[in-house]
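To keep things clear, I will list the structure first and then write my remarks on it.
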Amino acid sequence: MTHPPLLVVMGVSGSGKSTVGAALAQRLGVPYADADDLHPQANIEKMAAGEALDDGDRYPWLETIGAWLADRDGSGGVISCSALKVAYRDQLRRHAPRVRFVHLSGSREVIARRQASRPGHFMPASLLDSQFATLEQLGPTEDGLVIDVEQSVDDIVQEYVDLTGPPVRPHPGDPV
Ligand SMILES: Nc1ncnc2c1ncn2[C@@H]1O[C@H](COP(=O)(O)OP(=O)(O)OP(=O)(O)O)[C@@H](O)[C@H]1O
Ligand SMILES: O=C(O)[C@H](O)[C@@H](O)[C@H](O)[C@H](O)CO
């Protein structure tokens with residue numbers, strides 16, 4: 001039996017994970033969560049102070065995200081999470097082996113402009129280079145796809161649907 005999509009919308013800070021993730025979850029008719037809401041306060045404070053997170057900071061956070069994915073293995077869901085390294089994505093796959101990654105990929109210039117368009121967000125622009133330096137592209141054995149961010153949110157969502165086919169709905173009979 002095919003299950004509704006279980007997705008992680010990934011990418012560097014400012015790539016559009018929260019915006020696209022929410023729109024994609026709505027289109028697919030599945031629950032949505034933003035992993036930024038699952039960070040321990042210490043992680044938020046560290047980034048706000050201009051210091052990049054390390055593997056030790058991310059490990060417990062990724063465990064929380066993995067549990068969220070495992071809980072929704074049957075119903076499907078979309079969570080926005082940077083998931084920058086293969087090792088982080090392996091950690092999530094250990095919780096939910098069928099999870100698919102949707103990498104929002106774009107130039108530093110475009111993403112920096114978008115990151116700067118959010119006054120008051122805790123993530124400083126100064127950390128964008130560390131995000132790109134930490135990012136590891138999806139590997140050939142990883143279930144995932146790459147979508148260019150230099151298009152509208154609606155077009156990104158449509159490209160996902162076009163690439164993956166009509167989504168299995170949590171409630172058969174729902175309109176696509
Ligand atoms: N496809 C798009 N076209 C134009 N603007 C976009 C697009 N996607 C996102 N944005 C805008 O870019 C900014 C960053 O988007 P968003 O906050 O969703 O990124 P993010 O990856 O979740 O960032 P962070 O990881 O730092 O929370 C927002 O102001 C958002 O409205
Ligand atoms: O892995 C990381 O370094 C963090 O998750 C960051 O990506 C932030 O969560 C986010 O980008 C800022 O809101």
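Just so we're clear, the structure is a prediction, and the values are computed from it rather than from any experiment. Just so it is clear, the values below take in all heavy atoms, side chains as well, and ignore hydrogens, waters and symmetry mates. Numbers here are sequence positions counted from 1. Start at 1 and go down the list; that is how both ligands and their atoms are numbered.
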- Query: Which other residues end up in the same hydrophobic cluster as Met47, if Ile, Leu, Val, Met, Phe, Trp and Tyr are linked when side-chain heavy atoms come under 4.5 Å apart?
  - Reply: Ile44, Leu53, Phe122, Met123, Leu127
- Task: Looking only at protein heavy atoms, identify the closest one to atom 10 (C) of ligand 2 and say how far it is in Å.
- Result: Asp36 OD1, 3.6 Å
- Item | Derivation of the side-chain hydrogen bond (donor to acceptor under 3.5 Å, both in side chains) call for Gln115 and Ser13 | CA-CA 7 Å; Gln115 203 196 19; Ser13 173; 2.9 Å; yes
- Query: If you look at every heavy atom in Val146 and Ser105, which pair is closest and at what distance?
  - Reply: CG1-CB, 3.5 Å
- Task: Would you mind running through ligand 2 and noting each atom that sits below 4.0 Å from a heavy atom of Ser82?
- Result: 1 (O), 2 (C), 4 (C), 5 (O), 7 (O)
- Give the atoms of ligand 2, by number and element, whose distance to some non-hydrogen atom of Met47 is under 4.0 Å. 4 (C), 6 (C), 8 (C)
- Item | Side chains of Val9 and Phe101 in contact at under 4.5 Å (non-hydrogen atoms) | no
- Note on the structure: Applied to residues 68-77, the side-chain hydrogen bond (donor to acceptor under 3.5 Å, both in side chains) test, sequence neighbours excluded, yields Asp73-Arg98
- Identity and distance of the protein heavy atom lying nearest atom 7 (O) of ligand 2: Gln131 OE1, 3.1 Å
- ligand 2-proximal atoms of Ser13, by part, heavy-atom distance under 4.0 Å: both
- How about Asp162 and Gln158: does a side-chain donor come under 3.5 Å of a side-chain acceptor? yes
- Message: Check whether Asn43 reaches the backbone of Asp57 with its side chain - one donor and one acceptor, N or O, closer than 3.5 Å.
- Response: yes
- Near ligand 1 (heavy atom, under 4.0 angstrom), the protein residues are Val12, Ser13, Gly14, Ser15, Gly16, Lys17, Ser18, Thr19, Asp36, Arg114, Ser117, Arg118, His121, Val149, Gln151, Ser152, Val153, Ile156
- Query: Which ligand 2 atoms, with their elements, are less than 4.0 angstrom from a heavy-atom of His39?
  - Reply: 4 (C), 5 (O), 9 (O)
- Within 4.0 Å of some non-hydrogen atom of Met123, the atoms of ligand 2 are 12 (C)
- Query: Hey, which atoms in ligand 2 end up nearer than 4.0 Å to a heavy atom of Arg58?
  - Reply: 1 (O), 2 (C), 3 (O)
- Give the minimum heavy-atom separation between Leu92 and Leu62, together with the two atoms involved. CD2-O, 3.4 Å
- Query: Is Trp61 in contact with ligand 2, taking contact as a heavy-atom separation below 4.0 Å?
  - Reply: yes
- Query: Is any side-chain N of the basic residue among Lys46 and Asp54 closer than 4.0 Å to the acidic one's carboxylate O?
  - Reply: yes
- Query: With sequence neighbours left out, which residue pairs that include part of residues 79-89 fulfil the side-chain hydrogen bond (donor to acceptor under 3.5 Å, both in side chains) condition?
  - Reply: Tyr32-Ser80, Asp55-Lys85, Asp55-Tyr88, Arg58-Tyr88, Arg89-Glu142
